[in-house]
Every structure is written in C-alpha cells, then in structure tokens.
Amino acid sequence: MSILGSLQKSTIESLEALFGQTFTEKDFQVNQTKPEFEGDYTVVMFSLVKSLQQSPDAIGNMLGKHLTENYPHLFSAYNIIKGFLNLSVADDYWINLLKAQYNDICFGKQPISGKKVMVEYSSPNTNKPLHLGHLRNNFLGWSVAEILKANGNTVFKSCIVNDRGIHICKSMLAWQQFANGATPQSTHTKGDHFVGEYYVRFNDEYKKEIASLIAGGMPAADAEKKAPIMKLTQQMLQDWEAGEPTVMALWKKMNGWVYDGFDITYKNIGSDFDKMYYESDTYLLGKDIVQKGLDKKVFYTKPDGSVWIDLSADGLDEKLVLRKDGTSVYITQDIGLAQQKYDEYKIDQSIHVIGDEQNYHMKVLQLICKKMEVPYAEDIHHLSYGMVELPTGKMKSREGTVVDADDIVAEMENEAKQKTEELGKVKDFAEHELNELFHTIGLGALKFFLLRVDPKKKMTFNPAESIDFHGFTAPFIQYNYARIRSVLRKNEFLKDCSIGTTFLPLEKELIVSLERYSTVISQAADELNPSAIALYIYQIAKTFSSFFAEHSIGNAETEEKKQLRLYLANMTAIVIKSGMQLLGITVPERM
RNA sequence: GGUCCGGUAGCUCAGUUGGAUAGAGCAUCAGCCUUCUAAGCUGAGGGUCAUUGGUUCGAAUCCAAUCCGGAUCACCA
C-alpha cells in the first residue's frame with residue numbers, strides 16, 4: 001500500500017479509536033507538506049471540526065499523538081500549524097521501501113484485474129497523410145492504453161479506418177482525371193502523400209469550377225452542387241456502393257498505396273493496434289439496430305421514410321439515423337460498431353480517442369445507446385482532446401495548410417542530430433547507434449511536447465519556433481536518465497552493505513517522490529490523462545538533477561552514503577524509464 | 001440564438017474531492033565546469049488567477065451574472 005493509503009487508513013483507525021466515530025478517506029484531505037514546514041504529509045483538520053465538535057488544533061494534537069504512538073513504523077513526528085497536522089514519515093519506512101523496491105521494474109504498477117478495455121484511436125482517412133493533429137491522437141491513445149495496462153486492465157487497441165465515402169472518392173477522381181497513370185513508385189513519393197496530393201488537387205479544381213460557374217451567373221449554392229467534378233464524384237460513390245468493378249479496383253489500388261505509407265509512419269512513431277476496423281466493412285452495421293429501435297419506439301419514421309431520434313428532451317436536437325433512401329449515416333455505423341466491439345471482445349469499457357469537435361456526436365451516440373438499453377451503454381467513454389492549431393488558425397488538409405506528421409518527426413530528429421553533434425559526447429557511436437539516438441531524442445521531444453498538456457485543452461504549434469530541448473521536455477528527462485546510467489556503470493553495489501538510517505533533504509525529497517509513482521499511475525488512469533505522468537516524471541528528473549549537482553554519488557562521504565545514493569539513483573532510473581514508457585518515449589543509455 | 005469547452009507571469013503551461021505566502025519551463029538578468037554527462041545547477045526580477053457579486057473559518061478552485069476566445073447544432077464523415 002502507498003504511504004498515502006497507509007496514512008488514510010491509520011488516520012481513520014485513529015479517529016475511530018479516539019472519538020468513536022467512523023470516517024472515510026473522503027472526509028479529510030491529505031496533502032504533501034509544503035517545503036517550508038517540517039514533515040512529509042499533512043492532514044487538514046478543518047473538515048473534521050464539525051462532526052467532532054472540537055477545535056482543529058485539539059483534534060490535530062490528539063491525532064498526531066495517537067498516530068506517532070501507535071504507528072511508529074510509519075510516523076516519527078508531528079507538528080500542528082493553524083489546523084494543519086504535519087506528519088514526518090519514519091526514515092525506516094523509506095529505507096525499507098528503498099531496499100525492497102530499488103530494482104523492481106514493476107514498481108508502481110498494479111497486477112492484472114481482469115477488467116477489459118478497448119481504446120480506439122488514430123482513425124485515419126485514406127485520402128491524406130497523417131498530420132500533427134493525428135499525432136496528438138496517436139500519442140494520447142497509445143499512452144492511455146499503456147497507463148490502463150499499468151493499472152491492471154487488459155487493453156485492446158483498435159483503429160477504425162475511414163476508407164470509404166465521398167471524401168475518399170474525391171482523391172480517386174482527381175487521380176483518374178489528372179494523374180496520367182502516375183504512381184507512388186513512378187514519382188518516388190510515399191503512398192499516403194501521393195494520394196493526399198490528389199485530394200488537394202480535387203479541391204483546387206472544384207474551387208475553379210465553382211468560380212467559373214458563378215462568373216457565368218449561377219448562384220453560389222447551386223454552383224457548389226452543380227460543379228461537374230462534384231457530380232462525377234457523387235456518381236463514383238454510387239458506383240462504389242454498387243460494387244462497380246473498375247471503381248472497386250481503383251479504390252483498392254489507391255487505398256493500398258495509402259496503407260503502405262501509413263505502415264511506415266505508424267512503425268516510425270510507435271503506434272500499433274490489436275484490431276483494425278474498416279468503415280467499408282462496418283458502414284452497413286447498425287441498420288438492424290435501427291430496426292430494433294423502431295420496434296422499441298426509440299426511433300420514429302418521418303413521412304419521407306427517413307428515421308430519426310428526438311433528443312430534445314435531453315437538451316439536444318432531433319438526429320437522423322437513417323436516410324430516406326435507407327442508407328446509413330455516420331452515427332448509424334458507430335451504433336453498429338459499438339455493438340460489434342462488445343460482441344467480439346466482451347469489453348467492460350470502450351474508450352474513443354476523438355477530437356473535441358465531435359463532443360456532440362459522441363454525446364448523441366451515448367444517449368442513443370442508453371435509450372436502446374444496450375448493456376455497454378454506460379461504458380462508452382469519449383476521451384476528448386483539443387485541436388492542435390497553427391498561429392494562423394486551424395489546419396486544413398483540403399487546403400494543404402497542415403504540419404505533416406512525417407515531416408515534423410524528421411525535423412525533430414534533425415534537430416536532435418544537430419544538438420548532439422554540437423555537444424560531441426557520443427563521437428564513438430556507430431552510425432546506426434547515432435540514428436537510433438536521434439530518433440529517440442527527436443521523437444521523444446515531440447511526444448512529450450504533445451502529451452505534457454492536459455488532453456482537453458487545445459494547443460498552438462508554431463512551426464517558426466522549434467520545440468525546446470531544455471527544461472520541461474523529454475530530452476531533459478532522457479539526459480538525466482543517461483547520467484544515472486553512466487554513474488551506475490562506474491560504481492558497484494555492495495552486497496549486504498548497510499545503506500544507513502537517515503536522509504539528507506534532497507535524498508528524502510527524491511525517495512518521497514519516487515514512492516508516489518503508483519498513486520500517480522492510478523490517478524492518470526482514472527483521468528485518462530498522460531500529462532499527469534509527464535508532469536510527475538519531469539519533477540522526478542528535476543529533483544534528481546538538483547541532487548546530482550549537490551551530492552556526489554561515487555565520492556560520497558561514507559560507503560553507506562554511497563550505497564544509499566546508488567539505490568536511490570537506480571530506483572530513479574527505473575521510475576523514469578517506466579514512466580516514459582507509459583508515454584511511449586524511450587530513454588537512451590548515453591546521450 | 002441553444003449547448004459545451006476554455007481565459008492563471010511577456011510566452012507555453014501546472015495548480016489534487018475548496019486549504020498554509022498561487023508554482024514550473026521558455027525568455028531576461030547575475031553567478032557556477034580541474035572530481036560521477038553543464039541537454040545541467042544556484043539565485044533575481046516578473047501576478048488585479050478575465051470582470052463583478054455571492055457561498056464560508058478559508059475561493060484560482062464552488063454558484064450567479066457579464067466580457068473575450070473556440071467548438072458544435074448537416075439526409076458530410
């Protein structure tokens with residue numbers, strides 16, 4: 001049990017013994033003690049005043065006395081300042097923790113609980129390459145999956161590929177009309193980028209046609225519908241749905257190019273999936289559920305034959321679930337896919353990593369599932385994250401104003417290369433080791449940059465300012481890991497050597513922080529928030545960095561001190577490596 | 001217009017179910033490499049927590065109103 005948990009438990013027991021009243025851990029607050037006061041953890045008395053009918057200081061005195069007397073293995077001293085009971089945790093406690101856990105690579109993680117969770121993330125379209133916004137999604141989804149695993153869940157990572165629909169036909173049509181048979185191979189272009197160019201080309205041509213129609217006197221709204229290239233695209237979609245062979249062949253060919261490109265990108269950024277869903281397989285799902293909903297009178301039919309749900313009583317609007325021609329819409333597929341995931345994996349929770357622009361859509365999905373009374377309705381969770389914007393505003397693939405995923409990763413690696421070469425510390429590395437290091441540092445910096453911010457907040461990325469490698473960044477953390485590893489290579493652990501009984505302030509700060517790891521993991525899992533991990537690991541690295549500058553490990557005053565510091569350094573390395581892994585970031589042995 | 005999200009130092013962000021004198025990084029300034037990696041360390045300056053009112057022992061945090069920014073409300077996905 002964590003020290004926080006032990007403190008809560010012993011406080012509850014003490015209050016019961018002292019006052020004969022039963023409390024839970026929610027009835028009082030426990031904080032880390034501020035550095036300006038003596039102690040490690042603080043119990044705030046005020047919330048107990050009402051039910052105990054005593055002054056905060058009186059309760060604090062009794063509680064502090066009782067805790068130190070009855071739990072001497074946990075608490076060694078206490079003081080009370082203005083209603084705050086500051087408790088000093090016994091040095092023995094930390095020494096024992098250090099001895100037991102300093103080399104445990106599973107430290108902080110929970111055993112498997114049996115709970116099954118699916119995390120759906122990434123969800124690319126097959127008409128354009130991934131951009132910076134997708135990277136935020138990918139890093140978030142992957143990290144949340146790892147954090148949930150660390151918290152004992154069995155996790156399935158899934159991906160729904162938007163591989164059909166009018167937007168896919170746009171790039172197909174543009175290729176058909178303008179490519180003259182060009183291929184990724186013939187142009188030496190990565191497949192997803194190649195197809196993306198035709199998606200942009202479509203929109204350029206479309207705009208031109210609209211402009212000339214308007215110039216000819218047609219109203220703008222009509223021009224958008226009547227542009228010849230759009231008419232052809234709509235025809236192509238109908239042909240696709242009819243399974244017309246040449247369209248199907250073109251579709252398969254171009255999607256194949258895109259998948260070849262995605263494979264490279266996913267491999268490069270470390271995304272992987274246990275299950276791929278394709279919209280071309282799932283877009284008809286959900287229709288039979290709509291029928292059930294009609295039977296249950298959850299849905300209703302309008303005179304033209306279209307099917308709707310009225311959510312106005314829930315503060316939303318009427319929502320279409322089936323077109324008048326009987327074809328399904330976006331939400332219909334999601335209803336069907338949710339059912340399929342549940343049937344296939346018997347999951348207890350389904351997490352959808354989707355941008356906040358779809359908050360409304362996900363709310364509708366959850367509501368429909370509830371009204372349909374499906375068993376998994378309460379377990380659909382939308383992990384909503386804010387958009388990544390440029391200083392000039394939103395990124396738009398259609399207009400080509402995006403920060404491309406492959407480009408930004410390459411730039412970061414290049415940046416890492418430059419800085420590494422300037423410092424000149426790894427001149428003995430072989431070329432493949434150097435490339436691996438640049439990848440580790442560059443991609444790490446990018447992942448950390450995107451993950452350190454609360455997911456729900458939108459963020460601005462300024463391409464003119466390079467992402468930092470100093471301060472609250474992955475390279476800083478990686479650097480501290482490398483320093484620890486260097487020290488550990490140069491010094492030996494002695495078997496059966498005492499590590500002393502006391503701590504200097506910075507040693508103490510480090511072990512107290514390390515102990516919190518499990519609490520931080522479970523908090524991050526509850527909140528589905530990797531930034532909690534990022535913040536914590538940075539704080540660990542910072543504390544170690546101060547410690548490292550202040551105290552020598554190899555030349556410690558005594559052998560006991562040296563051993564203590566080696567234990568501390570080793571445990572710090574393990575927590576840093578473990579925590580960074582939860583963010584999808586690797587740490588180098590040297591840099 | 002309805003609904004939802006956000007507004008904390010020049011910039012980017014933390015700030016636990018309300019708690020002690022609101023914290024980091026970047027940038028600026030001043031120090032620190034002859035010893036374990038200076039991608040570092042130490043220190044300084046920098047705040048009307050958007051505004052106003054309320055709730056109470058106590059509010060950046062909760063409530064109400066207002067201002068500003070964003071998302072969304074498609075027979076698109």
Side-chain angles (χ1 to χ4, degrees), chain A residues 25-27 29-34 36-37 42 44-47 49 56 81-84 86 123 125 162 164-168 279 283 302 304-308 315-325 327-331 333-334 355-361 363-364 384 386-387 389 394 416 419-420 422-423 425-426 441 445 449 452-454 456-460 462 465 468-480 482-491 519 523 527 531-532 534-535 538-539 542 545-556 565 569 590-591:
Chain A
E25 66 274 5
K26 288 186 176 156
D27 295 321
Q29 190 168 3
V30 179
N31 300 331
Q32 283 193 272
T33 304
K34 296 210 162 203
E36 56 265 36
F37 302 105
T42 297
V44 185
M45 296 288 101
F46 298 104
S47 58
V49 168
I81 299 170
K82 292 193 294 179
F84 295 87
N86 301 319
S123 308
N125 293 322
N162 301 122
R164 51 132 251 139
I166 193 82
H167 55 304
I168 306 301
E279 198 183 299
Y283 82 107
K302 285 198 176 178
D304 66 2
S306 56
V307 181
W308 297 73
L316 306 181
D317 304 283
E318 290 186 323
K319 191 84 188 171
L320 177 90
V321 293
L322 219 52
R323 295 191 187 98
K324 65 185 172 204
D325 62 6
T327 57
S328 58
V329 290
Y330 182 37
I331 193 90
Q333 306 169 34
D334 276 358
D356 61 9
E357 56 195 357
Q358 297 200 37
N359 285 355
Y360 181 81
H361 171 80
K363 215 185 252 182
V364 170
S384 167
M387 298 287 104
E389 293 176 2
K394 221 178 151 180
K419 301 209 186 233
T420 304
E422 276 169 29
L423 291 168
K425 292 178 185 174
V426 287
I441 296 173
F449 175 79
R452 66 179 213 187
V453 184
D454 187 327
K456 68 173 177 292
K457 293 200 173 177
K458 70 173 181 204
M459 58 195 298
T460 307
N462 189 345
E465 300 168 14
D468 222 311
F469 281 52
H470 301 273
F472 184 19
T473 66
F476 171 82
I477 296 166
Q478 291 168 323
Y479 170 66
N480 278 290
R483 290 206 293 191
I484 296 173
R485 296 299 301 161
S486 172
V487 170
L488 293 175
R489 280 193 296 270
K490 290 177 180 165
N491 294 281
T519 309
Q523 179 209 339
E527 297 172 358
S531 77
L535 219 56
Y538 170 64
Q539 189 253 315
K542 210 160 89 83
S545 196
S546 297
F547 162 77
F548 186 80
E550 192 72 24
H551 305 295
S552 175
I553 297 171
N555 291 319
R565 289 176 187 168
R590 289 178 56 194
M591 69 184 276

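Per chain, numbering begins at 1; letters A, B, ... match sequence-line order. Values below: all heavy atoms of this structure, side chains included; hydrogens, waters and symmetry mates excluded.
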If the [atom1] atom of [N] is compared with that of [M], how far apart are they to the nearest Å?
N: U66(B); M: U28(B); atom1: P; value: 43 Å
N: G43(B); M: A9(B); atom1: P; value: 23 Å
N: A65(B); M: U72(B); atom1: P; value: 25 Å
N: G10(B); M: A77(B); atom1: P; value: 47 Å
N: A24(B); M: U17(B); atom1: C1'; value: 24 Å
N: C63(B); M: U56(B); atom1: C1'; value: 13 Å

Legend entry - Taking every non-hydrogen atom, the tightest pair across Ser531(A) and Arg452(A): CB-O, 3.3 Å
Legend entry - A64(B): pairing nucleotide in any strand, Watson-Crick or G-U under 3.5 angstrom: U52(B)
Inset, instruction - With a 3.5 angstrom cut-off on both distances, give the Watson-Crick or G-U wobble partner of A71(B), or none if there isn't one. - result: U3(B)
Inset, instruction - Remember a base hit wins even if backbone is also touched, and classify Val44(A) as base, sugar-phosphate or nothing at under 4.0 Å, heavy atoms. - result: base
Inset, instruction - Using a 4.0 Å heavy-atom cut-off across all strands, classify Thr420(A) as base, sugar-phosphate, or nothing. - result: base
Legend entry - Torsion-based syn/anti label for C67(B), 90° from 0 as limit: anti
Within the sub-3.5 Å range, which N or O atoms of nucleotides 34-36 of chain B have a protein N or O partner, and how far apart are they?
unit_1 : atom_1 : unit_2    : atom_2 : d
C36(B) : O3'    : Lys490(A) : NZ     : 3.2
C36(B) : O2     : Ile553(A) : N      : 3.3
C36(B) : O2     : Gly554(A) : N      : 2.9
C36(B) : N3     : Ile553(A) : N      : 2.9
C36(B) : N4     : Phe548(A) : O      : 2.6
C36(B) : N4     : His551(A) : O      : 2.6

Legend entry - Residue among Arg489(A), Arg485(A), Arg483(A) satisfying side chain to side chain contact (heavy atoms under 4.5 Å, CB included) with Arg590(A):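 It is Arg489(A), the one option of Arg489(A), Arg485(A), Arg483(A) that forms the side chain to side chain contact (heavy atoms under 4.5 Å, CB included) with Arg590(A).
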Closest approach to the side chain of [X], judged atom by atom: which nucleotide of [options] is it?
X: Phe84(A); options: A77(B), C13(B), A20(B); answer: A20(B)
X: Ala482(A); options: A77(B), G70(B), U37(B); answer: U37(B)
X: Glu357(A); options: U72(B), C75(B), C26(B); answer: U72(B)

Inset, instruction - Using a cut-off of strictly less than 4.0 Å, decide whether Arg323(A) has a side-chain nitrogen or oxygen near OP1 or OP2 of C76(B). - result: yes
Inset, instruction - Figure out the CE/P separation between Met459(A) and G7(B), and round it to whole Å. - result: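 Value for this atom pair: 15 Å.
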Inset, instruction - Considering only NZ, NE, NH1 and NH2 on the basic side and carboxylate oxygens on the acidic side, decide whether Glu279(A) and Arg164(A) come within less than 4.0 Å. - result: yes
